[in-house]
Number of protein chains: 2
Amino acid sequence: MPSRVPRKLASAPRPVASRIRRNRRPRGETAASRIYTDLRAELVSLARRPGEPISEAQIATAYGVSRTPVREAILKLSDEGLVEIFPQSGIFVSRIPIAALPETIIIRKSLEETTARTAAERASPSQLLDLHATIERQREACAAKDREAFHQADEMFHAGIAEVAGYPGIWKLILQVKVHVDRYRRLTLPQIGRMSEVIAEHGSILAAIEKHKPDIARAAMASHLERLLDNISEIQTLNPEYFDQPTW
Amino acid sequence: MPSRVPRKLASAPRPVASRIRRNRRPRGETAASRIYTDLRAELVSLARRPGEPISEAQIATAYGVSRTPVREAILKLSDEGLVEIFPQSGIFVSRIPIAALPETIIIRKSLEETTARTAAERASPSQLLDLHATIERQREACAAKDREAFHQADEMFHAGIAEVAGYPGIWKLILQVKVHVDRYRRLTLPQIGRMSEVIAEHGSILAAIEKHKPDIARAAMASHLERLLDNISEIQTLNPEYFDQPTW
DNA sequence: TTTCATATATTAGTATATCAGTTGAGGAGC
DNA sequence: GCTCCTCAACTGATATACTAATATATGAAA
């Protein structure tokens, strides 16, 4: 009983050096984290559609767990804006906030202008080869008309540039920010024709990085991402129930 | 009993139009949100010091609630990186990750270069007056040597520029990203001398915005925020237990 | 005194229970 | 048919209880 007080007093006023860097492991694979990962994938892939209700109890029984870890997962998804919680009413897959999409694309553009510019300053030959390989993989996916592989290679290219720049955290941030845009783009069946354009634009970016021309790389990345903005607001009445439209 | 099935089947395959925009209110002031807000303030203000343990049970009794809402708040803080959870061991105020600070400053710089540039394109006379007022408030705080008011006005200036640019979401994102830098800066007692420099730099930014010179505004903002980078890594051995240092 | 083993207390994660607010189907009245 | 009302069922938020894992205190052995 009295052991509690000394423990707290010993560490509260000033963490002792011995407390630094214990070999504690951060929380590993919990039921909550597993459910979170699964649910997030279902939401981003639109397997669960915008506006659709989500039942905590149903998921809990499906996973054979209680509602507690399910709730933890859903609360996290709520913070990300992927679901909306209405007290005593229900949890619903959030509709895509089209009005907010342009700003998130601009955020991404701002951040990737920086990674492209810095990558052009720092890229090593081996890193350049990796980026070339990624583009090549994208070409193959385009030839095979494999949308999924194309998209994966696309992400890898952008992540790779951030890596080369030495800013992997920037890519992680982008992943968080662009989630609604990803949902939107999955709705508008990506046109095959755009694929070769994307590859060409990636090629321009990489060429500038290879020549260590930061400003050109930045500009190439900027115009590449500006294409995203153009594609927004084309399909409006297509699936109106999926979008969070202003009250017209 | 049979009412459950029809309700689910009716909405699951396709959200019906009638379900759009009910007058449901999002979750309001819950016990969890109150505790989250309080705890976050304590963490950012360093009232709870890096490395210090946090007891769920203790907070629960302090607020007169159960562990559940406390846990919800702490999980959210864990996602933000303000606390670290070690299973079956304890929850601890996260140490300041100095190695990650430069990248977060660069993120902020990238984003605010955009807000400054766009603000210079769009600023209306009334908005310009607001920004001038904010700088004036900062001058008064400087004269009064009121650090807290100075810092508040500083935040308001940057938030105002994002607002003028039409990108309030960018400022919200910056608020999330810069939290560890804020903790760091609170540790290094902000030098009074720097205040007048900050005011001068803000003046340069605003002047460029006023003249609708996007590139100059962007550059002024960039150099303003680059000063943040200089101030890092000065105090290392000052309070080593507060920092998450590489294992030297 | 130091080292090692044991015991006890505390913890995060999860399970279960309770409560109050909301919804929507169905019925009464028109 | 239409409107309003009632009420049962479901929900999110919270409370309480349990479990396995970890750390610290204790004490024995060196």
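So that the names make sense, note that chain A is the first sequence line, chain B the second, and so on, each numbered from 1.
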Next item on the list: List in chain and number order the residues that pass salt bridge (Lys or Arg N to Asp or Glu O under 4.0 Å) with B:E113, two or more places apart in sequence or in another chain; answer none if no residue qualifies.
Entry: B:R218
Notebook entry, point to check: Taking DNA chain C as the partner, which of residues 71-78 of chain A come within under 4.0 angstrom of it by heavy atom?
Noted result: none
Next item on the list: Output all residues satisfying ring-ring contact (aromatic ring centres under 6.0 Å, His included) with B:Y36, sequence neighbours left out; order by chain, then residue number.
Entry: none
Next item on the list: Only counting residues at least two apart or in another chain, list the ones meeting side-chain hydrogen bond (donor to acceptor under 3.5 Å, both in side chains) with B:S126.
Entry: B:S124
Item checked: Stretch residues 35-43 of chain B: residues that reach within less than 4.0 Å of DNA chain D through a heavy atom -> none
Polar pairs (N or O, both sides) under 3.5 Å between protein and nucleotides 4-8 of chain C?
none

Checklist line | Sequence-distant partners of A:R137, side-chain hydrogen bond (donor to acceptor under 3.5 Å, both in side chains), two or more places apart | finding: none
Check: Which residues satisfy the side chain to side chain contact (heavy atoms under 4.5 Å, CB included) test with B:R34, sequence neighbours excluded?
Finding: B:E29, B:A31, B:D38
Between N or O atoms, less than 3.5 Å apart, protein on one side and nucleotides 15-19 of chain C on the other: list the pairs.
{"unit_1": "C:dA15", "atom_1": "OP2", "unit_2": "A:S66", "atom_2": "N", "d": "2.5"}
{"unit_1": "C:dA15", "atom_1": "OP2", "unit_2": "A:S66", "atom_2": "OG", "d": "2.7"}
{"unit_1": "C:dA15", "atom_1": "N7", "unit_2": "A:T68", "atom_2": "OG1", "d": "3.0"}

Note to self: Can you list everything that forms a side-chain hydrogen bond (donor to acceptor under 3.5 Å, both in side chains) with A:T104? Sequence neighbours excluded, please.
What the structure shows: none
Next item on the list: Report the end-to-end axis angle of the helix from C:dT1-D:dA30 to C:dC30-D:dG1; each axis comes from five terminal pairs, and the value is rounded to 10°.
Entry: 10°
Next item on the list: Sequence neighbours left out, what passes side-chain hydrogen bond (donor to acceptor under 3.5 Å, both in side chains) with B:D146? Give chain and number order.
Entry: none
